[in-house]
Amino acid sequence: MRKLLTFFKRSLSAKLFLSYLIVILVGVVVLAGAVQIQTPAAIQRHIERMEAHLGSDPGLAEDLRVNFIRAINEITTTAVIVSLIAAIAVSLFTSQRIVQPIRSMMRASREIAAGHFNRRVAVVSEDELGALAESFNQMAEELELTEQRRLNLIADVAHELRTPLTNLRTMLEALTDGVLPPEPATFQTMNNEVLRLQRLVQDLQELSRAEAGEMAMFPEWVNPADLASGVVDRLALQFHDKGVALHVNIAPDLPDIYADPARITQVLVNILGNALQYTPLGGEMWVAVRRAGDVIQFLVRDTGRGIPPEDLPHIFERFYRVDKSRARASGGSGIGLTISKYIVEAHGGRIWAKSEGLGKGSEFGFTLPIAERGS
């Protein structure tokens, strides 16, 4: 008895079958009760009609009553048996139809828990079970993408750490063997590699907070023109040293925006610095800030090397580089644009990149919403 109770507790199909069986039994009881209640009155009406045609014979009336009850009972018994068999067959079929997709999802969930993230279940219906299967497959797909991003991140971090660590190890071995002289220039080179590692770790920490939605924001009312002008003044010497002409066009009377000035400055520095890095000597850059409807639009265009069409969809992915060798030599972590994307989206804005191809320059832009004070 205890094993039977345990079976019913742990088996959904058994519970469904039991519920169907209870419904069937209730139907049988109701049917039998209705027959017992309605039969006497029906018999009486039948006998009265028969007496009108055959005359009043007590023996005939009793015989009619007995045969009528026997026929009713026989028909009821046959109907109940046939109904029970049909109902049990249908309930077993229905239970399996309901339970089978759930069992399939259970097996798939165990495989996913074991690390097989490509497991999916078949969507066999358009009802709630079908919707559940689609939701399960969507969850599995997101888990697979998350796992792939995790593996890519580990590979990317290992790849980024390998270069400065290899350089440090090579220089330390050279110092030990006496190949490199222990001069300030040697130690300065080693210090630069350590600084690269520090910047990479800091960027990774910031990226991790951004992806987790935990990046600290301290918004206040600021003027977008002041933000852009501050960044341009900050980088003016670098533009001059590289011989890149910078043209600034900031619309007058721009409304204040509610944003974190340090974070938006970080975005502008990332975009301008990136454009400067890929713009050759004698090139030009344009910075524009203007109002476009209910947003403030920041635009940075350059005459640099441009971006191939196949690279544009990936330009804001972490560690993605159009020119990998050049970016790594310059010490960039490859995640500045990724962090910028999170910052802009955290402010309710949008960021994009455009280019007509290699050698045709590029355009980076982002928008920030205009909010009413007190809103």
Side-chain angles (χ1 to χ4, degrees), residues 1-21 89-166 197 200-215 310-311 313-321 324 328 333-339 341-342 345-346:
M1 185 63 180
R2 181 176 298 176
K3 290 183 178 179
L4 185 61
L5 290 174
T6 303
F7 173 73
F8 275 104
K9 286 182 179 179
R10 295 182 177 179
S11 175
L12 178 59
S13 59
K15 290 179 181 178
L16 288 172
F17 175 73
L18 182 61
S19 66
Y20 294 147
L21 188 59
V90 171
S91 65
L92 287 173
F93 174 76
T94 306
S95 299
Q96 289 302 313
R97 291 279 295 178
I98 294 175
V99 173
Q100 190 60 39
I102 298 176
R103 287 176 178 168
S104 178
M105 280 184 272
M106 289 172 59
R107 289 191 296 268
S109 64
R110 293 192 188 100
E111 292 183 24
I112 290 174
H116 305 289
F117 294 98
N118 60 343
R119 185 70 167 86
R120 301 292 184 271
V121 296
V123 180
V124 296
S125 63
E126 298 181 358
D127 54 10
E128 287 82 355
L129 283 174
L132 178 61
E134 289 180 354
S135 298
F136 181 90
N137 288 338
Q138 184 178 358
M139 178 198 69
E141 185 176 351
E142 289 298 324
L143 287 174
E144 185 178 12
L145 290 175
T146 300
E147 177 65 10
Q148 189 60 49
R149 285 194 292 264
R150 185 184 70 83
L151 294 175
N152 290 341
L153 177 60
I154 293 173
D156 290 337
V157 171
H159 186 70
E160 294 300 321
L161 291 174
R162 187 180 298 116
T163 301
L165 287 175
T166 300
L197 286 171
L200 176 59
V201 171
Q202 290 171 356
D203 287 345
L204 285 171
Q205 287 177 334
E206 188 139 3
L207 177 61
S208 176
R209 287 193 294 266
E211 291 183 334
E214 298 176 355
M215 180 180 286
E310 63 272 15
D311 289 320
H314 309 285
I315 204 70
F316 293 102
E317 293 179 6
R318 59 187 174 213
F319 297 112
Y320 193 85
R321 294 184 176 93
K324 298 176 176 59
R328 187 169 289 109
S333 67
I335 56 179
L337 289 177
T338 309
I339 295 174
K341 178 176 182 289
Y342 280 108
E345 291 179 349

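- Between I339 and M215, the closest heavy-atom pair is CG2-CE, 4.0 Å.
- A 6.0 Å sphere centred on CD of E345 holds more than 12 heavy atoms belonging to other residues, nucleotides or ligands.
- Closest of all the heavy-atom pairs between A122 and A133 is O-CB, 4.1 Å.
- The salt bridge (charged side-chain N to carboxylate O under 4.0 Å, His left out) check on E134 picks up nothing, with sequence neighbours excluded.
- Going from atom CG of L143 over to atom CD of Q138 covers 11.0 Å, rounded to the nearest 0.5 Å.
- Counting only residues at least two apart or on different chains, the salt bridge (Lys or Arg N to Asp or Glu O under 4.0 Å) pairs with a member in residues 108-122 are E111-R119, R120-E144.
- Taking 4.5 Å as the limit, some side-chain heavy atom of T338 sits within range of a side-chain heavy atom of Y342.
- The distance from the CE atom of M139 to the CZ atom of F117 is 10.0 Å, given to the nearest 0.5 Å.
- Closest of all the heavy-atom pairs between I315 and L337 is O-CD1, 3.8 Å.
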